[in-house]
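Throughout, protein chains are lettered first and strands after them, A, B, ... in sequence-line order, and every chain is numbered starting at 1. What you are looking at is a predicted structure, and each value in this text was computed from that prediction instead of being measured.
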Amino acid sequence: MSTEIAKAYEPREIERHWAQTWFEKQLYRPPDDAQGTVFSIVLPPPNVTGSIHIGHMLEHTQIDIIVRWRRMQGFKTLWLPGTDHAGIATQVVVERQLAAEGLKREELGREEFERRVWRWKAESGGKIKDQMIRLGVSCDWTRARFTLDPPLYRAVIEAFLRLYREGLIYRGRYMVNWCPRCKTALSDLETVHESRDGKLWFIRYPVQGASEFITVATTRPETMLGDTAVAVHPEDERYKKFIGKTLLLPLLNREIPVIADDFVDREFGTGAVKVTPAHDPNDFAMGQRHTLAEIDVMTPDAHIGAAGGRYVGLERFAAREKIVQDLKAGGLLEKTTDHALSIAICDRCKTIVEPRLSVQWFCKMQPLAAPAIEAVEKDVLSIVPENQRKIFLDWLANIRDWCISRQLWWGHRIPIWHCGKCGAMTPAADSKVEVANGRAQIASVPQSCGKCGSKELTQDPDVLDTWFSSGLWPFSTLGWPDDTEDLRTFYPTSLLISGYDILFFWDARMTMLGLHLMRGNSLEKRTPFHQLYLHGIVRDPHGIKMSKTRGNVVDPLEIIEKHGTDAFRFALAVMAAPGTDIALSEERIIGYRAFANKIWNAARFLFFNLEKAEAAGLNIDELAAPEVRANAPYTATDSLPHRWIFSRLASVIAQVNDALENFRFHEAAHVVYHFFWGDFCDWYIEWLKPQLASENRIEAAATWRNLFAVFEYALRLLHPFMPFLTEELWHRLPQRSNARSISLESFSVANPAWSDSTAEEQMTLLQEVIGAVRNTRAEAKLDARKKLAAELFSRNASVRQLADRALEPLMRLANLTEFTIQEEPFGAAGDALVRTAAQFELRIRTGAVTDVKAEIAKLKKEEQRLKKDIEAKQLRLADATFRSRAPSEIVHGLEATVAERQREYREIVDRLTELS
RNA sequence: GGGCGGUUAGCUCAGUGGUUAGAGCAUCCCGCUUACACCGGGAAGGUCGUGCGUUCAAAUCGCACAUCGCCCACCA
């Protein structure tokens, strides 16, 4: 214990100290011999080259709250951290760095480029870990993993080879989303759609050998260079006569047929559509149906390619402009209209995506999705909030094959070799990896073609989608494909907490791959996590999404430096209602910094006064004796405030546990906040103040024992939310300077005997009496410092007896005389201010002439309110249907209320008569 | 084109059928009562988006509308 405790809580140094200590002592590595049910969770791995942003802060806070709470509850708890190589995201960053030097990755070559990325990883890769350590997250750093670590590399190869052998991974030429800047294929999920104002161009395609033409409408005129047909609906009377005829493609004068296809929407545009099988997914499908030629007119960087006649070499939008001009000049452009359209852009670099025909690797998803659907439907995997469950299931039900190959250099390279002679594909024999320069590469390189035996083998140049390796995260991090102790112990994990924005990207893929790849028969044992909690997005104070361009981005580390991690965490927790986004404001955080300060000062008060009491002879050793702490500190003979606070504590503990079970962080935090500030500080401590200086040693010791017991319970309750502050105070507790960590103590457990509804009712009555006094004084603007006398007429309990000597100080009264209502001593209240309540009537002697007018106004207002209220309730009670249909406790409750209100009402009327 | 969510105090949000709808911040009044002015005490502020319905009873359930937002989708 220290008397040196500062007046205001300064979190910075304290937090730094504990963050470092927790990390260095490997406090959160679960002991191998730990008993208890396993609770395991993996961290959604942040980008290895990134830094902590507000979304991480929220996610890590929520995970850490749950993890600390579970650990304290006695679970054998593992939180496994790590980082993701984040293929395309990282590569884009490094390419930008190169661009700043005037370089392109092609100029560097694959090996040199990869070296650059590794170098960048080494430079920045430790940053995010250091930041997380600073946040104090209670994960097991000894088990930290990176998706390109050799064991995880091997897991990726193993997964690929298994799926390949099972025929679930295949290669083929299909239409994919192509980013011309990244020069790679993207999955559907990696494109985002934006609505933009576009145009619809109406172009005339002359009919061969006739003076007629068909007008088609298009939003992308440049693709006409690749047109191989024009399609109309088979039933369309306008165009029936043209079906089978030949058109002359403008500008290139290529002959193309008019085909009939049900796909065509007669209502849209002119009802005739140009067909470009190499540049549009629908047209590709039509091309397949009608065996049309596929003419690719674009290069990988979206310039017009060799098939583009005189437009060769033009960038796609320049080509568009030129083509429109030429059409106009040739009289072939009928008209142009405005047209709102939705365009796909690359999620990473925001370039407009081009649908492109190319050879890619795909993963068949339907067979993988089926067990995932089953797991959710059978509640082996439960999803919170509930509405996300439907979204999850819908996506799985309509799933399409996943394009898993990327034309990138940063990632896990596909373990397939192509034969230069016969073109056959030879997979690596197994998933062994070897390590060179600390980096993994495939060890089992095939020496000859599996089909023709040729030695002319080259490895497939593509790497896997970064989400492929992330999809293995819950088991690749635990040693899979080996049957490790960790895997047996911690898989399946208990819970996954992630943002809803990566539900499909990551959560769904993990579910499918985990179910498919993990050994063991039961669904339970294969499902990678049994609960999925999806948190919201952190927005700015006005609920607007944070973005760099808007400039409303908040750097969590700045907030932490300014206000402390605990205040930040508490603000995030208290605002995190499931299924909602969070509007974060600095004011809110400042508010919880005040809460931290409140806790600090409550401790300061306790420490300071205990020291004084010790000086007066209190035996701290006895107070701190383990058996005194461990056994129920509360005894039934304790006076009201003690019985009350322990009863409150019991209910708070139950509420917090229940709330956290259901990820209701806001509720848990709210309950703890009000317990500490309201119940503990405003009432309990204030109530006990007179007793702390008691001459009676036994009474003082009992008071201290309970005070500290409640405080310690409160610290345990608070710890998951405010780990630093509670850790610091825990170590400052009497005789706790050698404590290891509050985080390894047990969470608060309520003794059922604490629940005491009588004590709660009595306390409520006292709080009402005190409130009435305070209210009356303030309303009448009486001098707040002046001690007054008051008379209390209570109906049931004896307030005097319950309250003891705490009453006057809390009300700032000189004395309170109590009467029972029967022995009412005077008919006229004289100079007194009167307040009535259900249980009592209160008269305060002001010792001065009352402002009669103000008092009358006040009473009249109250009279009106009561009158209205009583009338409404009586009306309700007079309703026969209400009496017969409503539950009797509701009816009786209402009757009792009316009776009380009527009594109050009569008293007010009497008082008004007296005054006037 | 489908689907989902929001609309409650000045602001940001809780509140999934029952007696007087809450919180934080902001506002107003009083108080430096020896833990805390990052405090204490008190107060004011809401026809719960609109309409119709279900029910003895609706912020809460249903339908419609308005409005804002999100997700999914191959209509050129």
Margin query: Checking contacts here: which listed nucleotide (B:G15, B:G18, B:A35) is nearest the side-chain heavy atoms of A:Arg664?
Written below: B:G15
Next item on the list: Before accepting this row, confirm whether a basic side-chain N of the pair A:Asp236/A:Arg266 lies closer than 4.0 Å to the acidic partner's carboxylate O.
Entry: no
Checklist line | Base-pairing mate for B:U55 - Watson-Crick or G-U, with both contacts under 3.5 Å | finding: none
Notebook entry, point to check: Nearest to the side chain of A:His339 - B:C29, B:A76, B:C38?
Noted result: B:A76
Note to self: Tell me whether the side-chain N or O atoms of A:Lys598 pair up with the base of B:C36 as donor and acceptor below 3.5 Å, since no angle test is needed here.
What the structure shows: yes
Next item on the list: Go through B:U19, B:G42, B:A76 for me and flag the one nearest to the A:Asp265 side chain.
Entry: B:A76
Check: Which of the following nucleotides, B:C4, B:U12, B:A43, is nearest to the side chain of A:Ala583?
Finding: B:U12
Next item on the list: Would you mind checking if A:Lys868 and A:Glu871 are paired as a salt bridge, meaning a charged N to carboxylate O distance below 4.0 Å?
Entry: no
Notebook entry, point to check: Could you give the distance from CG (A:Leu341) to CG (A:Leu200), rounded to the nearest 0.5 Å?
Noted result: 9.0 Å
Notebook entry, point to check: Between A:Gly893 and A:Ala577, which has a closest nucleotide on RNA chain B that is more 5'?
Noted result: A:Ala577
Check: Under 4.0 angstrom, heavy atoms only, what part of the nucleic acid is A:Ser585 near: base, sugar-phosphate, or nothing?
Finding: nothing
Notebook entry, point to check: With sugar-phosphate meaning primed atoms plus P, OP1 and OP2, does A:His674 contact a base, only sugar-phosphate, or nothing at under 4.0 Å between heavy atoms?
Noted result: sugar-phosphate
Note to self: By the 4.0 Å heavy-atom rule, please label A:Gly591 as base, sugar-phosphate, or nothing.
What the structure shows: nothing
Item checked: Nearest-neighbour nucleotide for the A:His670 side chain, B:A23, B:C36, B:A14 considered -> B:A23
Check: Which nucleotide sits closest to the side chain of A:Ala602: B:A43, B:A76, B:A35?
Finding: B:A35
Item checked: A:Lys781 NZ - B:A44 C1' separation (whole Å) -> 12 Å
Notebook entry, point to check: On a whole-Å scale, what distance lies between the C1' atoms belonging to B:A76 and B:C4?
Noted result: 28 Å
Item checked: Ion pair check, A:Asp394 and A:Lys390, cut-off under 4.0 Å -> yes
Next item on the list: Indicate, with a heavy-atom threshold strictly under 4.0 Å, whether A:Arg774 touches base, sugar-phosphate, or nothing.
Entry: sugar-phosphate
Check: A:Phe268 and A:His339: ring-ring contact (aromatic ring centres under 6.0 Å, His included), yes or no, with the steps?
Finding: CA-CA 12 Å; A:Phe268 189 90; A:His339 183 67; 5.6 Å; yes
Notebook entry, point to check: With sugar-phosphate meaning primed atoms plus P, OP1 and OP2, does A:Asn398 contact a base, only sugar-phosphate, or nothing at under 4.0 Å between heavy atoms?
Noted result: nothing
Notebook entry, point to check: In whole Å, what is the span from the OH atom of A:Tyr592 to the P atom of B:C36?
Noted result: 23 Å
Note to self: Under 4.0 Å from OP1 or OP2 of B:G40: is there any side-chain N or O of A:Trp677 that close?
What the structure shows: yes
Notebook entry, point to check: What is the nucleic acid contact for A:Asp682, judged by heavy atoms within less than 4.0 Å: base, sugar-phosphate only, or nothing?
Noted result: sugar-phosphate
Margin query: Would you measure the distance from the P atom in B:U27 across to the matching atom in B:C11 and give it in whole Å?
Written below: 15 Å
Check: Nearest of B:G42, B:A35, B:U19 to any side-chain atom of A:Leu894?
Finding: B:U19
Margin query: Measuring to OP1 and OP2 of B:U34, would you say a side-chain N or O of A:Lys612 lies under 4.0 angstrom away?
Written below: no
Check: Between B:C72 atom C1' and A:Ile502 atom CD1, what is the distance in whole Å?
Finding: 18 Å
Next item on the list: Quick one: label A:Ala594 by what it contacts on the DNA or RNA (base, sugar-phosphate, nothing), any heavy atom closer than 4.0 Å.
Entry: base
Check: What is the distance from NZ of A:Lys689 to P of B:U34, rounded to the nearest Å?
Finding: 9 Å
Notebook entry, point to check: Can you tell me the Watson-Crick or wobble partner of B:A37, both distances under 3.5 angstrom?
Noted result: none
Note to self: Mind checking if A:Phe595 touches a base, just sugar-phosphate, or nothing, with heavy atoms under 4.0 Å?
What the structure shows: nothing
Notebook entry, point to check: Can you tell if the side chain of A:Val672 reaches within under 4.5 Å of the side chain of A:Trp677, non-hydrogen atoms only?
Noted result: no
Margin query: In this structure, how many angstroms lie between the P atom of B:G42 and the CD1 atom of A:Ile770, rounded?
Written below: 10 Å
Notebook entry, point to check: Within the structure, does a side-chain N or O atom of A:Asn601 lie under 4.0 Å from either OP1 or OP2 of B:C38?
Noted result: no
Next item on the list: Kindly point out which of B:A23, B:G15, B:G5 is positioned nearest to the side chain of A:Asn387?
Entry: B:G5
Next item on the list: Would you classify A:Arg876 as touching base, sugar-phosphate or nothing, given that sugar-phosphate means primed atoms plus P, OP1 and OP2, and contacts are heavy atoms under 4.0 Å?
Entry: base
Note to self: Measuring from the side chain of A:Phe882 (C-beta onward, heavy atoms only), which nucleotide among B:A23, B:C39, B:G18 has the closest atom?
What the structure shows: B:G18
Note to self: In this structure, how many angstroms lie between the P atom of B:G40 and the CG atom of A:Asn597, rounded?
What the structure shows: 10 Å
Notebook entry, point to check: Does the side chain of A:Thr580 get closer than 4.0 angstrom to OP1 or OP2 of B:A14 through an N or O atom?
Noted result: yes
Next item on the list: Identify the two heavy atoms, one from A:Ile259 and one from A:Val275, that lie closest to each other, and give their separation to 0.1 Å.
Entry: CD1-CG2, 4.5 Å
Notebook entry, point to check: Could you state the NE2-C1' distance from A:His535 to B:C70, rounded to the nearest angstrom?
Noted result: 15 Å
Item checked: Pair A:Glu222 + A:Arg316: basic N to acidic O under 4.0 Å -> no
Notebook entry, point to check: Taking CZ from A:Phe605 and C1' from B:A37, how many angstroms apart are they, rounded to a whole number?
Noted result: 18 Å
Check: Quick one: the side chain of A:Glu267 and the base of B:A76, do they pair up donor-acceptor inside 3.5 Å?
Finding: no
Check: Is A:Arg220 salt-bridged to A:Glu354, going by a charged N under 4.0 Å from an acidic O?
Finding: yes
Item checked: Between B:U47 and B:G51 - C1' atom distance, rounded Å -> 14 Å
Next item on the list: Just call it for A:Pro809: base, sugar-phosphate, or nothing, with non-hydrogen atoms closer than 4.0 Å on any strand.
Entry: nothing
Next item on the list: Tell me the partner of B:G24, counting only Watson-Crick (N1-N3 plus N6-O4 or O6-N4) or G-U wobble (N1-O2 and O6-N3) with both under 3.5 Å; none if nothing fits.
Entry: B:C11
Checklist line | A:Ile890 vs A:Asp188, nearer the 5' end of RNA chain B by closest nucleotide | finding: A:Ile890
Notebook entry, point to check: For A:Lys7 and B:C39, is the shortest distance between a side-chain N/O and OP1 or OP2 below 4.0 Å?
Noted result: no
Checklist line | Assigned partner base of B:G1, Watson-Crick or wobble definition, under 3.5 Å | finding: B:C72
Next item on the list: Can you figure out which of B:C72, B:A35, B:U19 approaches the side chain of A:Phe504 most closely?
Entry: B:C72
